[in-house]
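This report concerns only the one structure given below.
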Amino acid sequence: MSLRIIFMGTPEFSVPTLRLLVDAGHRIVAVYTQPPRPGGRRGLDLQKSPVHQAAELLGLPVFTPVNFKDPEERERFRAFNADVGVVVAYGLLLPEAILNGTRDGCYNGHASLLPRWRGAAPIQRAIMAGDAKTGMMVMKMDKGLDTGAVALTREVEIGPNMTAGELHDRLMLVGAKAMAEAMVKLEMNDLPLTPQPEDGVLYAAKIDKAETRIDFSRDARDVHNHIRGMAPFPGAWFELEIGGKPERVKVLASELAEGQGAAGQLLTDDLVVACASGAVRLTRLQKAGGKPLAAADFLRGTPLAAGTRLAAGTRLT
């Protein structure tokens, strides 16, 4: 037995789920993804999403509507006569006509322990808040923002130095297996749904460029969590005077360290920086236009001695 599935997703995070559903023998009757976007070095080439590319390699039909306002687009969706819709980081809010456009509705793979971190950036926000764990949840979608009843939960620990990129990759695989398991249970009519609790709701707002600058006048743990929550993209940064001009330097990894001093001041020759309380060691950095480098390699090209002051930035909210 197998399900007739409409799959909806866009980034690399969605691809393992699509592949695993195909490997499990389900019939993917349609794949919906975001339309091709300008890309390439000059931004002139239209680039298909990772899901679009994966679907074409799998020989699956792909559709890229801008939205579902057109009645003909909604009717085409219903006409696939699918058993269920599977949604993983699609990037569009789905109207009720789509949520109810399959026999069993739509199930979403969401990267948090709902109701904590509903919304656009749950992976980054969990790390920036210092959460010790997160997870993947398979949720039956309703018209709210990540408010649907939960069908399946898989918890994942967040290591003390884990970056958003590392957690992303871990959850990507955990989420694929969770969704595949949920579809087996759905096929067997054994997928119970539990409403989300009303307490503990937090929203994971999209990351804004204005909050990427590092503020060393915060507690060291907050600075460390900010750095790893922004890594590798968009990247937390500070300003450093290089060749007489201020230049942005991204910090892609850090760790807590010992020491006290003026906020933003280097306490050692190996990039231990004082914060409001405590210190952080910067372990992976990237200059504008350069490659990511381990701290030792960065210092070979840009020597920085103890006492150097890194621009503290503005206080983050």
Out of curiosity, does [Y] fall in the hydrophobic cluster containing [X] (side-chain heavy atoms, cut-off under 4.5 Å, transitive links)?
X      : Y      : value
Ile6   : Val184 : no
Leu99  : Val84  : no
Phe233 : Trp237 : no
Met8   : Ile5   : no
Met172 : Leu167 : yes

Is a side-chain donor or acceptor of [X] paired with a backbone partner of [Y] at a separation under 3.5 angstrom?
X      : Y      : value
Gln53  : Lys48  : yes
Lys177 : Leu20  : no
Arg309 : Ala263 : yes
Thr308 : Leu266 : no
His26  : Leu3   : yes
His224 : Pro160 : yes
Arg4   : Phe80  : yes
Arg37  : Leu46  : no
Asp269 : Ala306 : yes
Gln286 : Gly290 : yes

### Task
Tell me, with the steps shown, if Ile207 and Met128 meet side-chain contact (heavy atoms from CB on, under 4.5 Å).
CA-CA 11 Å; Ile207 301 298; Met128 291 167 69; 4.1 Å; yes

Roughly how far, to the nearest 0.5 Å, is the [atom2] atom of [Y] from the [atom1] atom of [X]?
X      : Y      : atom1 : atom2 : answer
Glu73  : Asn67  : CD    : CG    : 8.5 Å
Ile227 : Ile127 : CD1   : CD1   : 12.5 Å
Leu240 : Thr302 : CG    : OG1   : 7.5 Å
Leu60  : His52  : CG    : NE2   : 11.0 Å
Leu92  : Thr10  : CG    : OG1   : 7.0 Å
Asp104 : Glu187 : CG    : CD    : 10.5 Å

Does [atom1] in [X] sit with more than 12 non-hydrogen atoms of other residues, nucleotides or ligands closer than 6.0 Å?
X      : atom1 : value
Leu58  : CG    : yes
Arg74  : CZ    : yes
Asp208 : CG    : yes
Glu258 : CD    : no
Arg170 : CZ    : no

### Task
Assess whether side-chain contact (heavy atoms from CB on, under 4.5 Å) is satisfied between Gln260 and Gln265, documenting all intermediate values.
CA-CA 9 Å; Gln260 295 288 338; Gln265 184 178 48; over 6 Å; no

### Message
Strictly below 4.0 Å, N to O, side chains only: are Arg281 and Glu255 in salt-bridge contact?
### Response
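A salt bridge is present here (some side-chain N lies under 4.0 Å from a carboxylate O).
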
### Task
Decide, yes or no, whether a salt bridge links Glu166 with Arg284 under the criterion of side-chain N to carboxylate O below 4.0 Å.
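Salt bridge between Glu166 and Arg284, a charged N being under 4.0 Å from a carboxylate O: no.
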
### Query
With Met141, which of Ile98, Val87, Thr147 fulfils side-chain contact (heavy atoms from CB on, under 4.5 Å)?
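Only one of Ile98, Val87, Thr147 forms a side-chain contact (heavy atoms from CB on, under 4.5 Å) with Met141, namely Val87.
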
### Task
Given side-chain contact (heavy atoms from CB on, under 4.5 Å), test Val201 with Arg116 step by step and report yes or no.
CA-CA 5 Å; Val201 175; Arg116 186 174 178 84; over 6 Å; no

### Task
Could you check Tyr90 against Phe7 for ring-ring contact (aromatic ring centres under 6.0 Å, His included), going step by step and ending with a plain yes or no?
CA-CA 9 Å; Tyr90 180 33; Phe7 185 85; 9.2 Å; no

### Task
Give the C-alpha distance, both sets of side-chain angles, the deciding distance and a yes or no for ring-ring contact (aromatic ring centres under 6.0 Å, His included) between Phe63 and Phe77.
CA-CA 10 Å; Phe63 302 90; Phe77 187 93; 9.7 Å; no

Can you name the nearest heavy-atom pair linking [X] to [Y], along with the distance?
X      : Y      : result
Asp219 : Cys275 : C-CB, 4.2 Å
Val15  : Ala54  : CG1-CB, 3.9 Å
Arg218 : Val223 : O-CG2, 3.9 Å
Pro61  : Val29  : CG-O, 3.3 Å
Asn225 : Ala129 : ND2-C, 4.5 Å
Gly119 : His110 : O-CE1, 3.6 Å

Do [X] and [Y] have side chains that get closer than 4.5 Å, going by heavy atoms?
X      : Y      : answer
Ile158 : Arg228 : yes
Met183 : Leu21  : yes
Phe216 : Ile214 : yes
Gln196 : Val150 : yes
Leu171 : Phe13  : yes
Val156 : Lys133 : no
Gln34  : Thr64  : no
Leu256 : Arg221 : yes

### Task
Check the pair Glu157, Met162 against side-chain contact (heavy atoms from CB on, under 4.5 Å), reporting the backbone distance first and the verdict last.
CA-CA 10 Å; Glu157 291 186 2; Met162 180 178 278; over 6 Å; no

### Message
Determine whether Ser49 and Thr33 satisfy the following criterion, side chain to side chain donor-acceptor pair (under 3.5 Å), listing intermediate values before the conclusion.
### Response
CA-CA 7 Å; Ser49 75; Thr33 189; 2.7 Å; yes

### Task
Please check if any side-chain donor atom of Asp131 sits under 3.5 Å from a side-chain acceptor atom of Trp117, or the reverse.
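There is such a pair between these side chains.
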
